[in-house]
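The chain is numbered in sequence order, starting from 1. One-based numbering, in listed order, for ligands and for the atoms of each.
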Amino acid sequence: MEIADSTQAIETLLEEGRRFQPSADFAAQANAQAGIYEEADRDVEAFWEKWARTLEWSKPFTKVLDWKEPFARWFYDGELNVSVNCLDRHVRADRGNRIAYYYEGEQGDRQSITYKELLGEVCVFANGLRKLGLKRGDRVAIYMGMIPQLPVAMLACTRIGVVHSVIFGGFSPDSIVDRVNDARCVAVITADFARRRGGTVPLKHNVDVALAQTPSVKHCIVAKRVGDPIEMKPGRDLWWEDVVRGQSATCEPESMNAEDLLYLLYTSGTTAKPKGIKHTTGGYLVYAAMTHKLVFDLKDDTDVYWCSADIGWVTGHSYIVYGPLANCATSVIYEGTPDYPDKDRLWEIIERYKVTILYTAPTAIRTFMKWGAQYPQAHDLSSLRLLGTVGEPINPEAWIWYREHIGGGRTPVVDTWWQTETGGIMISPLPGITTLMPGSATYPIPGTYADVVNDKGESVPPGGGGYLVLTKPWPGMLRGIWGDDERYVETYWKRFPHKYFAGDGCRRDHDGNYWLMGRVDDVMNVSGHRISTTEVESALVGNPKVAEAAVCGKLDDITGQAIYAFVTLRGGQNGSEALANELREFVADKLGKFTRPKYITFTPELPKTRSGKIMRRLLRDVAEGRALGDVTTLADSAIVKDLEERAKTEIAQEE
Ligand code: PRX
């Protein structure tokens, strides 16, 4: 999206006049108290140092920040272990019997897992991994559904200094291949199947297909979730239960340097190759813990917290695993979809566990609105005291609906802006302090600094719009892209000197509130999933029938954006609905089901400039039914008229 495209949407948003002051009761008990922003501004390094000291260090740090732009090192002479901070520390403090996770399987199977139990499971699995020869610095891919073994596997890696790379369970074998090969993973941890919407997803089969092309992988460890037969390759594949058999429930943790790699998480950029985002040990954990405590106002002894994201995305890493566990929180993990067996599943879970804090995505909220308020109304949601959203801009109506129908008109709603790269929440209200505005993530949290700049990198005065940038290093920031420092510098630090370019359009109002407007690059956001247009294009042209493809996001009432593909076939072939479906499946197979294009329009030619560049901007206008601007730079403007007609037919058909 370019800034101009969203001007109208911005104007509408900025007319949003509703304001919600914190209630006196909430403010009085809030973790964040007035003065915290000033405290950070006075001495930002001292501020982060104070938070870092709340963790347990096996070797205390004496240095806070080394900033050689754009490379940061935080707390860099200190050593710690993440699993010790997430588990042992609480068990030693006599909190071992607290529930770490209430686990809710899709079929209604349930488990309560205490901190002590979780520590035991992490230790036996970590010992099993060590016995297989895995060691500090090795990379391991994890491809699982939302089952308790997923956080156990992540924490076991951190225990022995192994770097995990979690691959979302919705990804296809090809996507596994790319990620495993890029990081040269030595092992893959998976499950036989995942349960989803009453059916199953063949995780192990997908891994088998992928592992035919991943020479670095020596071991594949398989947790049993469903129990239907699968193939096990002798010498390579091992059942989880065999890995842990006979292992001790104590495991000496590796003392890791604060800047040792903790994990890689691949995310889409503007090219077809995903980026392995690097997060390190100390700064990341400090940041995840601090933001979780302040933004969600977490009271570790009374709250039941639920983030409904998948652990395969960064939201799950920071706010299901590392932040909550570092804070000794009690969380819910739910395996399945919100509509199984019926559309009230989430509300049933909230009622059962008396959830107090819920964190979910705007797409989900818009879907709940569509389903109707009768579903939440059928349940007692009075335990909720705070709601959060993440992943995409939330329209004010969805925000209001969320507060009214889920939050009973009482709860604060925190709209949290951040990215895989930022490691944790950057722009968000602090409940109890900030006046809330539906549609605005308000302003940067204490100790972080942002700006909105124009094309030249100049700060835009209040009321203006431009590009969101981050202006100072923060502990949770990415440390680079795996194996590609140049791309790191190029992507985030070249566009505006000395500023981190986030890739989002943003407007700031006269009170300094940030209104996020969506991506300004070739990245789409579909149901909060970040998908590169180029990745979908290159998947499409991988089909022998396709000559050329151009992909863009089209605004969508429910999913934020939907994928729109314009396709030219080889040899003058004509398109058909059957072929469109074939291509949808083709993309789904290549990249994962969530990347299946909603709209496909066949065209004998794509609109190009005289120099042969596809005019994407124009395709977005066509997709969104906007009046077309200047088309005189086009090589053949008749194509566009024809394309508009074809798009109208396609849109009418799909909606
Ligand atoms: O465009 C922004 C959008 O999601 C992008 C980051 O995607 P990802 O790395 O997958 O992380 C998603 C979860 C942290 C951002 O560049 N985004 C995320 N949160 C918001 C948002 N856009 C508007 N408002 C938000 N609260």
Side-chain angles (χ1 to χ4, degrees), residues 1 3 6 9-10 13 166 168 170-171 264-270 274-277 279 287-288 291-292 295 307-320 322-323 359-366 387-396 398-399 402 413-429 436-445 450 452 467-470 476-478 481 491-492 500-507 513-533 535 553 559-561 592 594-595:
M1 194 190 310
I3 297 295
S6 46
I10 298 174
L13 256 187
V166 179
F168 169 59
F171 275 116
L264 294 174
L265 186 56
Y266 283 80
T267 190
S268 293
T270 52
K275 303 177 278 198
I277 300 300
H279 283 295
Y287 199 73
T291 48
H292 183 253
V295 174
C307 165
S308 72
D310 193 288
I311 294 177
W313 305 111
V314 74
T315 306
H317 280 57
S318 298
Y319 299 113
I320 298 179
Y322 295 117
Y359 191 31
T360 193
T363 289
I365 297 165
R366 290 189 291 263
L387 302 175
T389 76
V390 60
E392 29 169 346
I394 181 160
N395 47 313
W399 193 103
Y402 192 32
V413 175
V414 290
D415 171 6
T416 65
W417 177 91
W418 59 293
Q419 311 178 298
T420 305
E421 292 87 341
T422 69
I425 294 165
M426 300 284 304
I427 303 182
S428 167
L436 306 170
M437 270 155 294
S440 171
T442 70
Y443 36 86
I445 63 154
V452 176
Y467 305 97
L468 176 68
V469 292
L470 304 171
M477 70 189 286
L478 76 165
I481 296 173
T491 311
Y492 305 103
Y500 169 91
F501 172 57
D504 281 56
C506 186
R507 181 125 169 211
N513 294 298
Y514 289 70
W515 300 76
L516 275 308
M517 305 309 313
R519 303 287 307 190
V520 292
D521 53 13
D522 290 328
V523 173
M524 298 173 288
N525 190 330
V526 181
S527 301
H529 296 154
R530 189 164 151 180
I531 303 166
S532 141
T533 52
E535 241 178 304
T559 59
Q561 283 187 306
F594 63 99
T595 65

Response to the item:
Hits for ring pair (Phe, Tyr, Trp, His ring centres under 6.0 Å) against Y492, two or more places apart or cross-chain, chain-then-number order -> Y488, Y500

Discussion item. Could you work out, with ring pair (Phe, Tyr, Trp, His ring centres under 6.0 Å) as the rule, every residue matching W418, not counting sequence neighbours?
Written reply: Y319

Worksheet entry | Backbone of G269 reached by a side-chain donor or acceptor of S532 within 3.5 Å | yes

Fill in: Side-chain heavy atoms of Q561 within contact of E392, under 4.5 Å
no

Item to complete: Using a 4.5 Å cut-off on heavy atoms from C-beta on, say whether the side chain of Q419 contacts that of L478.
Response: no

Worksheet item: Can you pull the residues with any heavy atom under 4.0 Å from ligand 1?
Response: V314, T315, V390, G391, E392, P393, D415, T416, W417, W418, Q419, T420, D504, L516, R519, N525, R530

Response to the item:
Contacts of T491 meeting side chain to side chain donor-acceptor pair (under 3.5 Å) (sequence neighbours excluded), chain-then-number -> none

